[in-house]
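Chain letters run A, B, ... following the sequence lines, proteins first, then strands; residues in each count from 1. Just so it is clear, the values below take in all heavy atoms, side chains as well, and ignore hydrogens, waters and symmetry mates.
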Protein chains: 2
Amino acid sequence: MTTKTRASSKRATARKPRRGRPPKGASTLSREAITRAALEAIDGGGLEAVSLRVVARRLGVDPSSLYNHVASKDDLLDAVAEHILATFEVPAPTGALEDDLRAIGRAFRRHALEHANATVLVLTRPTISAASLGPLEAILAVLVGAGCTYDKAVHLLRVFMATMLGSVLRDASLSAAFDGEVFASLVRRGAALEASGLEHIVAAAPHLASFDGDAEFDFAVRLATAAIAAELGDADPRKGDRP
Amino acid sequence: MTTKTRASSKRATARKPRRGRPPKGASTLSREAITRAALEAIDGGGLEAVSLRVVARRLGVDPSSLYNHVASKDDLLDAVAEHILATFEVPAPTGALEDDLRAIGRAFRRHALEHANATVLVLTRPTISAASLGPLEAILAVLVGAGCTYDKAVHLLRVFMATMLGSVLRDASLSAAFDGEVFASLVRRGAALEASGLEHIVAAAPHLASFDGDAEFDFAVRLATAAIAAELGDADPRKGDRP
DNA sequence: ACCTGAACACCGTTCAAGT
DNA sequence: ACCTGAACACCGTTCAAGT
């Protein structure tokens, strides 16, 4: 019975929600909006902070309402992964095989890690829809443009993707936990390690402790592209090849 | 009041559990046993089928009892990943760089995919304890044995691991969902793809649709090891290098 | 067509109470 | 020292009831 006649007030937001569809056609709900809200929740609090109830709260809506636009929580997480893949912008090709692969790799890594908490979703869910095939198409274009058959291009594509995904996954996992701290702590308890017969780990510990994701990724991609270029029958692109 | 005096029966298993510690010193509970039970649950029903309550039921124990041996569910999952890594048996080295790396890679892939449902745990959790460093130590040994400095060995190790992890992750993700079906379905709706400007994907679809995990992995590892061998300053190991 | 509220069968985790 | 049972604050999902 409180303040029923104040509906004409400018701030009408305090209206008590009744049953059924909301009277106004505000309709903030859609698959898109839900996906975005879920991604925001993940960005804010990590993967395990996202729940349908949290997403619903964020949208000011009842949890069960989400099921009108999303089949399940799994479906929602797929949508998040797809959303990230679909918004990847492929860098413009220059025509030089190695440069182009490197550029795509770098751009993909940067894009994937932009939502670091969601990266593992992207790498882990086999979300192969048309919207998320941009990166694959771009890499195929570069390989075929370099005179590669489609058969061979697919294999090389897979090698390149594996290298990229493995690197990005490591970065995502590490940044999710404890950056360089992982191996730094190993160095500290070096004595315990020495006893376990891991002599090379102990000897390499200082190098293991320092980790520069960007540089490491570039190195991996450079090696992969060089191997791909060599496999394509070109001369080995490193210097000193024709004496 | 029912059958209280039948305690002397041979089948004493029907004893109603009372409060407190169980009278006998059966003590089936330990971090090891809990980890194994969790892995069995994962093997049987996938990652999302494992819960502390399910693990407890499997051990015939109250869920809260697990907290005497495990700090949290996260801790338990870490223990599972570590268990798998720790039981990896490194193949004996032969002294030939490329052969040895390939052997390690193959063995690791096979071992990781032996518990396919848990593989993503192994790849995703940064579980760097002494017990789980076997693979790293083995790879380092091979690289250093080939005359590599520790500095360079660490970088090459990371490249090799990225290639391996990326490949294994893809296999685990694919096998978790729908094997070759992923791209096979793409082929079917080729028309829809054509409209979205993914010409190379469409052209390569037949090759994308067929996927042999073992062969693909071998190819990736071969390329990676060749690149590593070349980077180490050896002559390019492919034929026809010195005319 | 789409949203609500209540309900169901689960969760992870804590803690006093037991032995 | 270690296990139990109950409790707490959450889950994902379903479904009749509303508009």
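Atom P of nucleotide D/dC15 and atom CG of A/Asp62 are separated by 16 Å, given to the nearest angstrom. Protein atom CG of A/Leu66 is 14 Å distant from nucleotide atom P of C/dG5, rounded to whole Å. When rounded to the nearest whole Å, the span between CZ of A/Arg53 and P of C/dA6 equals 12 Å. Residue A/Leu29 contributes atom CG, which lies 12 Å from atom C1' of C/dT4 at whole-angstrom precision. Rounded to whole Å, the distance from NZ on A/Lys73 to P on C/dC11 is 14 Å. Whole-Å rounding puts the A/Tyr67 OH to C/dT4 C1' distance at 15 Å. At whole-Å resolution of the value, CD1 in B/Ile34 and P in D/dC2 are 11 Å apart. When the C1' atom of D/dG12 is taken as reference, atom NE2 of A/His69 falls 18 Å away, rounded to whole Å.
B/Val55 comes within 4.0 angstrom of no nucleic acid atom, judged by non-hydrogen atoms across all strands. If you check every strand for non-hydrogen atoms under 4.0 Å, B/Ser65 touches a base. Counting non-hydrogen atoms under 4.0 angstrom, A/Ser64 reaches a base of the nucleic acid. A/Val70 comes within 4.0 angstrom of nothing in the nucleic acid, heavy atoms only.
At distances below 3.5 Å, at least one donor-acceptor pair connects side-chain atoms of A/Glu137 with backbone N or O atoms of B/His200. In this structure a side-chain-to-backbone donor-acceptor pair under 3.5 Å is present from A/His111 to A/Ile84. Counting only distance, with no hydrogens or angles, the side chain of A/Thr35 and the backbone of A/Val80 share no donor-acceptor pair below 3.5 Å. No donor-acceptor pair under 3.5 Å is formed between the side chain of B/Ser65 and the backbone N or O of B/Val61. Between the side chain of A/Asn117 and the main chain of A/Asp43, a donor-acceptor pair closer than 3.5 Å is present.
Here the rule is salt bridge (Lys or Arg N to Asp or Glu O under 4.0 Å) with B/Asp218, and of B/Arg110, B/Arg109, B/Arg106 only B/Arg106 fits it.
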Dot-bracket for DNA chain C, please, read 5' to 3', with Watson-Crick or G-U wobble pairs under 3.5 Å on both distances, ( ) within the strand, [ ] crossing, | other strand, . unpaired.
-> ||.|||||...|||||.||
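Listed nucleotides: D/dG12, D/dC11, C/dC3. Nearest to the side chain of A/Asn68: C/dC3.
Side-chain atoms of A/Ser72 and base atoms of D/dG12 include no donor and acceptor less than 3.5 Å apart.
In this structure the side chain of A/Phe160 never reaches within 4.5 angstrom of the side chain of B/Thr163, judged on heavy atoms.
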